[in-house]
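Only a predicted model underlies this, so the values are computations on that prediction, with no experimental measurement involved. So you know, we letter chains A, B, ... as the sequences are listed, proteins then strands, and number each from 1.
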Amino acid sequence: GQQVMQIPQYQHVQEGEDFTTYCNSSTTLSNIQWYKQRPGGHPVFLIQLVKSGEVKKQKRLTFQFGEAKKNSSLHITATQTTDVGTYFCAGLLSGTYKYIFGTGTRLKVLA
Amino acid sequence: DAGVIQSPRHEVTEMGQEVTLRCKPISGHDYLFWYRQTMMRGLELLIYFNNNVPIDDSGMPEDRFSAKMPNASFSTLKIQPSEPRDSAVYFCASSPILLTGSSYEQYFGPGTRLTVT
């Protein structure tokens, strides 16, 4: 079946360091979304990427969609303790409204 | 808007009992999704509805699971009989649809933490 893998599974960084999580799909995606889930909370939508090679920025966060629309990345510059949580990518399968969530990357930021 | 509402927030039940989880989507949203989250399997899509009609239930684990959406403001996920391996956090999410047909962000409810002993 369709799979969306994320690496790394866990990441501990010192506050102020950068962080990147990578998302890889076994199939081409129509678009990709990114969500953040705080410990004990629910996933919260961050952004959606649709076009091949698209890059979007939200303050310290940079999102990229690969040229082949099979991979994506999220980069956080100068992490803060408020960035703690698990980051999920979710790929939309072509012709459906079915999103396959990635395995997630859990980020811990040490003050 | 209150967002997506789920009840109960926590449920502890014994193996073999029937469990019903409830969801009220955001008013005006056309799509409703049920997800299950566990440490081992991550976030899995169980089923989704469009305008109250089930579109894809291929993620429903087995016949013990059933979901309904009798109207635009209410959905249930039922497990009968429940088993310990059903222990998980169950999320409901809803999504509007653009006139252009583009996909849209999903708004998740707070989840129901189910423990089956």
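- Of the two parts of B:Q37, only the side chain, counted from C-beta on, holds a non-hydrogen atom closer than 4.5 Å to a non-hydrogen atom of chain A.
- Once rounded to the nearest 0.5 Å, the distance linking OG1 of A:T103 with CZ of B:R41 reads 13.5 Å.
- Aromatic pair B:F33/A:Y99: ring centres not closer than 6.0 Å.
- Counting heavy-atom pairs closer than 4.5 Å to chain A, the top-ranked of the candidates B:G109, B:G42, B:G111 is B:G109.
- No part of B:Y107 comes within reach of chain A, as not one of its non-hydrogen atoms sits under 4.5 angstrom from that chain.
- Surrounding CZ of B:R64 are more than 12 heavy atoms belonging to other residues, nucleotides or ligands, all under 6.0 Å away.
- When the side chains of ILVMFWY residues are joined at heavy-atom separations under 4.5 Å, either directly or via intervening members, A:F63 and A:L107 end up in a single hydrophobic cluster.
- In this structure, A:Q48 CD and B:E105 CD are separated by 8.5 Å, a value rounded to the nearest 0.5 Å.
- Among residues at least two apart or in separate chains, salt bridge (Lys or Arg N to Asp or Glu O under 4.0 Å) pairs with a member in residues 5-21 of chain B are B:E18-B:K78.
- B:Q106 approaches A:Y35 most closely through the heavy-atom pair N-OH, 3.1 Å.
- Of the two parts of B:L43, the backbone and the side chain both hold a non-hydrogen atom closer than 4.5 Å to a non-hydrogen atom of chain A.
- Counting heavy-atom neighbours within 6.0 Å of B:D63 CG, excluding the residue itself, gives a total of 12 or less.
- Within 6.0 Å of NZ in B:K68 there are 12 or fewer heavy atoms belonging to other residues, nucleotides or ligands.
- Hydrophobic clustering, with ILVMFWY side chains joined whenever heavy atoms are under 4.5 angstrom apart, groups A:L61 together with A:V84.
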